[in-house]
Amino acid sequence: MDNTDAPESPSKQGGRPSRPQLASSMRSSSFLNDHQQYRSPVQPESHFGIDTVIQELQDVRVSPPKPFSPYNGVPNQDDPPPRIIEGLSHDFSHPNCAPRKGVKSQRLIATLMYKTKSQNAGVSASPRLGTSSTSDIPANFAPTTNLDKFPLEPPATAEPEQLDNIYGSYVSPMCITSFLQLMSSFPLPQDDVEPTSSHRCLDDPDHPLVVELALCPAPSPDYLSLADLRKHELIYRFEREWNVDVALQTDTIWRRHPRLVVFDMDSTLITQEVIDLLAATITDPPDLAAKVADITHRAMLGELEFDAAFRERVTLLKGLPATIFEQLRPVLDVTRGVPALIKAFKKLGIKTAVLSGGFLPLTSWLAGELGIDHAHANEVVIDDAGKLTGEVLGRIVGKERKQELLLEIAKKEGVSLEQVVAVGDGANDLLMLGTAGLGVAWNAKPRVQMEASARLNSDSLLDLLYLFGFTSEEIDLLTA
């Protein structure tokens, strides 16, 4: 059949195609549904009660088509973050629930605490934010608000720039993500447990200085024990990059419920070294204070045996009146947060002790003032004239004696070592820190920070409560 006389279609003629029409079969009873410019991706709710849901699901299989894989905290293609639709967000994963019957919990708790004291020489500490912030200026937006002090050049330092100077002077989301990525590099136990993580801010949800992360399962102990994991080079590097302390603990009931806390005294409960205070009161010979301070420093670094160093220093104090201890009482500078911390322990029913390598007269007096339950220190010999003879009575309270006293007090109070916490700063505290369930190096010497199971570099010893999982709200209640 010849179609040469038939008119060509618009598309063949190169003209504009005909406008699509809404056929009658495509129309609905609603003009808005037919002609609206935007359609919500969420379909309107078709159920008006639980009864209608049950009726429709009578013949429907509700089990998921594939195994449920909860979000493990590290965004990637397989585990995207929870979607937010129309302002509602909910994650149905439950990594913090109790394990199934017959399965042992393998959860690891990592407490990230932003350092309020700069540990790097030549690098200024980032400003500490308060527990709440009303300012619209981002954290660490500028190094100072005084234009006269604003640096014209970056500080000269051999250390790499700390990342908190870029992302904020707090435990930022990028800091948390970086830590989770670090932990994912360690091998996990050989089972089918899906790795999960969760976190909670213990002080401020907007600019937290303390964040507690729960990781399950913990890295395989066959590959890396908890003690070795705490000393891992990647952990140290992370701490330096983000200006934080990382405390790793197994999530057990003993972590949350300690029953005995033992403290060193010098440079822990107080900010000074008592024997240095004593030496500073002597003007003849004039270099005595310098000699005593040098011996103290070398002993704290572990270069000298503490017992021999202490006897040597006490010999230099020969001839001082015994009343010197009473004269030093007003001079003692109690570490910030200690009175409130002891008060909190009293409310919780936790026993406390101070084991000092100093002198018993001052240690006993300070323990009485603070309400500490046990106090042990060195006893000096006093002659009939009421002056120091330069000798020590009995055994020196050094590292071995501190360990023995901790065991004795724990046995006397009926406390297992898993529920004992020890806090110290010097090399003579290492045995005590290693014996306790948790040993905390408080603004400690480098060797002590390396060996202790937890590091705490802060302005207030009250921050110790964060390691037990308390929030700032709970701490306020305990110290009120």
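Taking a cutoff of 4.0 Å between a charged side-chain nitrogen and a carboxylate oxygen, Arg311 and Asp307 do not qualify as a salt bridge. Taking 4.0 Å as the cut-off between side-chain N and carboxylate O, Lys231 and Glu451 count as a salt-bridged pair. By the 4.0 Å N-to-carboxylate-O rule, Arg401 lies close enough to Glu404 to be salt-bridged with it. For Glu239 and Lys115, the salt-bridge test fails: no basic side-chain N is under 4.0 Å from an acidic carboxylate O.
Considering Val421, Ile372, Ile409 in turn, Ile372 is the only one that fulfils the side chain to side chain contact (heavy atoms under 4.5 Å, CB included) rule with Thr352. Test Lys346, Lys412, Arg259 against Asp373 for salt bridge (charged side-chain N to carboxylate O under 4.0 Å, His left out) and you get one pass: Lys346. Of the residues listed (Thr479, Leu465, Asp463), the one engaging Leu341 in a side chain to side chain contact (heavy atoms under 4.5 Å, CB included) is Leu465, and it is the only one. Of the listed residues (Val354, Leu269, Asp266), just one forms a side chain to side chain contact (heavy atoms under 4.5 Å, CB included) with Thr363, and that residue is Val354. Partner of Val440 under the side chain to side chain contact (heavy atoms under 4.5 Å, CB included) criterion, chosen from Leu461, Leu467, Asp425: Leu467.
Atom OH of Tyr236 sits about 15.5 Å away from atom CD of Glu241, to the nearest 0.5 Å. Remark: His207 NE2 to Leu209 CG distance equals 10.0 Å, nearest 0.5 Å.
A side-chain donor-acceptor contact under 3.5 Å links Thr435 and Gln403. Side-chain atoms of Asn457 and Gln449 form a donor-acceptor pair, as typed in the model, at a separation below 3.5 Å. A donor-acceptor pair shorter than 3.5 Å cannot be found between the side chains of Asp383 and Thr389.
Ring pair His232/Phe186 is perpendicular by interplanar angle, where above 60° counts as perpendicular and below 30° as parallel. By the 30° and 60° cut-offs, the orientation of the rings of Phe179 relative to Phe238 is tilted.
In terms of heavy-atom proximity, Ser453 sits nearest to Arg230 at CB-NH1, 3.1 Å.
More than 12 heavy atoms of other residues, nucleotides or ligands sit less than 6.0 Å from atom NZ of Lys347.
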